[in-house]
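Here is the structure we will look at.
Chain letters run A, B, ... following the sequence lines, proteins first, then strands; residues in each count from 1.
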Amino acid sequence: MDKIIKRTHTCGELSLDDLEKNVSLNGWISKRRDLGGLIFFDLRDRYGITQIVFDEKKNDYSFNIAKKLSFEDVIGISGIVIARPKEAINDTLATGQIDIEVNDIVVYNESEPPPFDINNRNSASEEHRLKYRYLELRTKELQHSMLLRHQSCLEIRKFLSNLDFIEIETPILMKSTPEGARDFLVPSRIHSGKFYALPQSPQTYKQLLMVSGFDKYFQIVKCFRDEDFRADRQPEFTQIDIEMSFVEQDDIIELGTNLTRKIWKQIVNVELPEAFPKLTYKESMEKYGTDKPDIRFDMQLLEFDQYIFDSSFDTFKNILSSKGRVKAIKCPNASMYSRKIIDELTDWLKTYYNAKGLAWMKCSDNILDGGISKFFDNSLKSKIINDLSISNDEIIFIIGDSQDIVLSALGALRLKLADRENLIDKTQWAPLWVVDFPLVEWNKDHKRWDALHHPFTSPNLEDLELVDSNPGLARSLGYDIVMNGYELGGGSIRIHDSKLQAKIFNLLGVDDQEANEKFGFLMNAFKYGAPPHGGMAFGLDRIIMLLTGSAQIRDVIAFPKTTSAMSLMDDSPSFVDQEQLNELGLKIKEKK
RNA sequence: GGGGUGGUAGUUCAACUGGUUAGAGCACCGGCCUGUCACGCCGGAAGUUGCGAGUUCGAUCCUCGUCCAUCCCGCCA
């Protein structure tokens, strides 16, 4: 164990140019082929694979050591670069023209049989791979993800630094605030009974930095939200956090566009358009049923209210008279949609999106047929076909319900149908901005207005009167950037006036005392020369996920958690000693 | 909080309608093999069918509970 063979090359670089050279390599045994008197190893490091060969007749010292070695042993070797016989050249390998004929070898660490095949990530379930994450990180997929993540961060830092942004670290232990997601709490030992929270985002700090005069700030920073998780959501995740002073919404949108273009150009060599399309929140909801539309394909939601009044379909008439909505979506290959398949779609919409049903009509021979077509007379059906440009062998699905349900159910159906019909060009990138978000939304459970973005978001100054008269209609200066149906990031122009901020708190039902307790420090800061400012934050993990072509955020985080927020590798969270609890003045309640 | 799917050898999977000794590939162990690259050939070992109850003459299979994973709804300013 005392000897180390220092590598002269990595496992990905030797070629015929290096013939006859005496070289040394370090790496892991990735494959082993034992032919008796001749043994081949594929030696792997993060740069590549080089085949090394042990010949009993030429060097029986290293041969005898190699005889005992197997998968994932770590070794160092020295030897001569030799050309492979013509018939043994491997074109699939960058180093496939050569071998290293080994004459010295050191075994640094023998491996137990690995719990799964590092060469084949699918040789084990995800659960199993997460338990041995440090081994999964040896796979070429995860090595690639980590490298790409690193390169992306470099490009981001370079891009922003060149524009005079500076990266400033903000606290990880901060004040718990009532708004937004559930906080992860950290008990204070020194102040028994008090808690810090881990930041859901450095929102308040970056606004304070604007007051401090750092007019262009950014930070690549961990954020924490104690909610339930999904394929694209983890309890801790990384944001590219940005804030600027003396700017308007369009300045941030331009910056966000350019940053996104830079990343895509540098990392995957894709030229995104100079300006991304902009949709208002309202347009997005009406056309796509979501505020993060995938616009790689069209298939927009169609207005259908206007045909209901002249029909004899009372169910939908009743929905309209109780302020509901009726919208439709048009889908090709009607003949593929049997009763059984439509029933399955209906059940799915009922289960997940609270739809009460899924109506439909098929177009054949220029007439609408089947489903609810009997409630529409012939001239009305012709009008529908003409208005909505329905072609033969298309089916329209129709949902009538409250507006929320119609939009979310049809939005989900749109994605489902696109998938079924293969309408999405997977090689395409479709970025866009969604703007003019509502300032607040009505919270039915608590009977109050909640901020849609966060309470520091400025109302659109044109809508200031609405804030008093009809808050639900007031637009904010909030915006999201969306790529291929994923929310990549979002931000807003902030309130920098303590009077306006007080007014918004008032609207949100946060009284003066509470506002002062929770956000007094920010309100105070705004009394001392707060510049107009705004910013945004990108979800770094989601960006990397898209760039690597993965649908799982876990694939781009070195040590991710499961959907129940556990780490299978180190088995956290875990219980702690009674003594630790005592120090913190905590007592665990029995769960009933 | 709710719903779907899954949990069988180290691992990936199979096992009909509930029925004899729960099988196969890879890995592992032993043997043979000098141009392999999914090396090949011969032989071997390997199981608390996630856990706990129940139904049954009999449960991997049916029922209930529970744990874990995953996907989705709610949630995620």
Side-chain angles (χ1 to χ4, degrees), chain A residues 30-42 49-58 63 70-72 82-93 95-96 99 101 112-132 177-183 200-201 203-204 223-235 237 347-355 405 408-409 412 415-416 437 439-441 443 445 449-457 476 478 487 490-492 504 508 510 537 539 551-552 554 561-564 566 568 571:
Chain A
S30 180
K31 281 279 177 60
R32 172 196 156 85
R33 291 174 292 277
D34 183 346
L35 275 62
L38 194 66
I39 302 169
F40 297 98
F41 289 163
D42 286 347
I49 282 177
T50 299
Q51 178 167 271
I52 62 177
V53 57
F54 299 84
D55 190 325
E56 186 174 27
K57 294 215 175 92
K58 290 186 178 157
F63 177 86
S70 188
F71 296 108
E72 301 307 318
I82 58 168
R84 293 193 187 191
K86 240 182 242 147
E87 64 279 9
I89 286 170
N90 186 343
D91 291 326
T92 61
L93 210 59
T95 59
D99 289 329
E101 203 168 69
E112 287 189 16
F116 63 94
D117 181 2
I118 308 297
N119 297 300
N120 177 10
R121 191 156 166 254
N122 294 322
S123 68
S125 65
E126 181 165 22
E127 190 172 357
H128 196 66
R129 282 179 278 132
L130 282 174
K131 185 171 175 189
Y132 298 96
T177 56
E179 288 283 338
R182 198 176 291 114
D183 280 329
Q200 298 172 29
S201 87
Q203 182 61 37
T204 49
C223 302
F224 307 84
R225 292 179 190 174
D226 188 4
E227 294 292 342
D228 289 335
F229 306 108
R230 292 289 153 71
D232 65 345
R233 271 167 30 195
Q234 282 271 303
F237 60 99
D347 282 346
W348 172 73
L349 289 169
K350 281 181 178 171
T351 310
Y352 292 122
Y353 300 94
N354 272 318
I405 290 176
S408 71
L415 293 176
K416 183 84 152 188
F437 275 81
L439 183 67
V440 291
E441 65 184 342
N443 181 324
D445 297 338
W449 293 104
D450 281 347
L452 201 77
H453 187 52
H454 57 55
F456 318 113
T457 300
S476 73
E487 183 194 327
S492 61
I504 298 298
L508 299 175
V510 181
Q552 290 184 333
R554 294 184 295 276
K561 307 258 186 307
T562 67
T563 48
S564 68
M566 297 218 296
L568 297 180
D571 201 28

Partner residues of A:Glu487 under the salt bridge (charged side-chain N to carboxylate O under 4.0 Å, His left out) criterion, sequence neighbours left out: none
Touch class at under 4.0 angstrom, heavy-atom based, for A:Ala88 against every strand present: base
Contacts of A:Asp55 that satisfy side-chain hydrogen bond (donor to acceptor under 3.5 Å, both in side chains) - sequence neighbours left out: none
Contact check, side chains of A:Leu452 and A:Thr457, non-hydrogen atoms, under 4.5 Å: no
Length of the line joining A:Phe40:CZ and B:C33:C1', which is rounded to integer Å: 13 Å
By salt bridge (charged side-chain N to carboxylate O under 4.0 Å, His left out) - contacts of A:Lys416 (at least two apart): none
Phosphate-side-chain proximity, A:Arg33 and B:C39, N/O vs OP1/OP2 below 4.0 Å: yes
Touch class at under 4.0 angstrom, heavy-atom based, for A:Thr177 against every strand present: nothing
Sugar-phosphate only, base, or nothing, as touched by A:Pro115 at under 4.0 Å among non-hydrogen atoms: sugar-phosphate
Whole-Å distance separating the NE2 atom of A:His128 from the P atom of B:G7: 16 Å
Any-strand Watson-Crick or G-U partner of B:G6, both distances under 3.5 Å: B:C68
B:G65 to B:G2 separation - P atoms, rounded to the nearest Å: 11 Å
Pairing residues for A:Lys31 by the salt bridge (charged side-chain N to carboxylate O under 4.0 Å, His left out) criterion, not counting sequence neighbours: none
For B:C32, the Watson-Crick or wobble partner whose two distances fall under 3.5 Å: B:G40
Distance, rounded to the nearest Å, where A:Lys31 contributes NZ and B:A38 contributes P: 7 Å
Residue mapping more 5' on RNA chain B - nearest nucleotide basis, A:Ala451 or A:Val53: A:Val53
B:A22 versus B:C16 - spacing of their P atoms, nearest Å: 14 Å
A:Arg33 side, atom CZ; A:Asp42 side, atom CG - distance, nearest 0.5 Å: 4.0 Å
Gap in Å between the two P atoms, one belonging to B:C76 and one to B:G7, rounded: 34 Å
Base partner of B:C75, which must satisfy Watson-Crick or wobble distances under 3.5 Å: none
Whole-Å distance separating the CG atom of A:Leu93 from the P atom of B:U36: 15 Å
Paired nucleotide for B:C62 [Watson-Crick or G-U wobble; both distances under 3.5 Å]: B:G54
Atom pair distance, as rounded to whole Å: CZ in A:Arg32 and C1' in B:C37: 14 Å
B:C26 to B:G40 separation - P atoms, rounded to the nearest Å: 8 Å
For atom NZ of A:Lys57 and atom P of B:C33, their distance in whole Å: 11 Å
Those residues that, when tested against A:Asn443, pass side-chain hydrogen bond (donor to acceptor under 3.5 Å, both in side chains) (two or more places apart): A:His446, A:Asp450
A:Ser123 OG to A:Arg129 CZ distance, which is reported to the nearest 0.5 Å: 8.0 Å
Approximate separation, where rounding is to 0.5 Å, of A:Phe40 CZ and A:Leu38 CG: 4.0 Å
Base-pairing assignment for B:A24 (Watson-Crick or G-U wobble, both under 3.5 Å): B:U12
Sugar-phosphate only, base, or nothing, as touched by A:Leu452 at under 4.0 Å among non-hydrogen atoms: sugar-phosphate
Summary of protein contacts for nucleotides 66-76 of chain B, nucleotide by nucleotide, where a base hit scores B, a sugar-phosphate-only hit scores S (4.0 Å, heavy atoms): --SSBSBBBBB
B:U55 versus B:C64 - spacing of their C1' atoms, nearest Å: 11 Å
Expected rows: protein N/O vs nucleotides 26-29 of chain B N/O, under 3.5 Å:
residue: B:C28; atom: OP1; partner: A:Ser70; partner atom: OG; Å: 3.2

A:Thr95 side chain vs A:Ile49 backbone, donor-acceptor pair below 3.5 Å: yes
Can you give each donor-acceptor pair under 3.5 Å made by side-chain atoms of residues 85-93 of chain A, sequence neighbours left out, with the distance rounded to 0.1 Å?
residue: A:Asn90; atom: OD1; partner: A:Thr92; partner atom: N; Å: 2.9
residue: A:Asn90; atom: OD1; partner: A:Thr92; partner atom: OG1; Å: 2.5

N/O donor to acceptor pairs below 3.5 angstrom from side-chain atoms of residues 224-232 of chain A, sequence neighbours left out:
residue: A:Arg225; atom: NE; partner: A:Gln200; partner atom: O; Å: 3.2
residue: A:Arg225; atom: NH2; partner: A:Gln200; partner atom: O; Å: 3.1
residue: A:Glu227; atom: OE2; partner: A:Arg182; partner atom: N; Å: 2.8

Residue whose nearest RNA chain B nucleotide is more 5′ - A:Asp55 or A:Arg84: A:Asp55
Length of the line joining A:Leu35:CG and B:A38:P, which is rounded to integer Å: 13 Å
Integer angstrom distance from the C1' of B:G10 to that of B:U21: 23 Å
Integer angstrom distance from the P of B:A38 to that of B:A53: 49 Å
P-based separation of B:A15 from B:A24 [nearest Å]: 15 Å
Whole-Å gap separating C1' (B:C13) and CG (A:Asn120): 13 Å
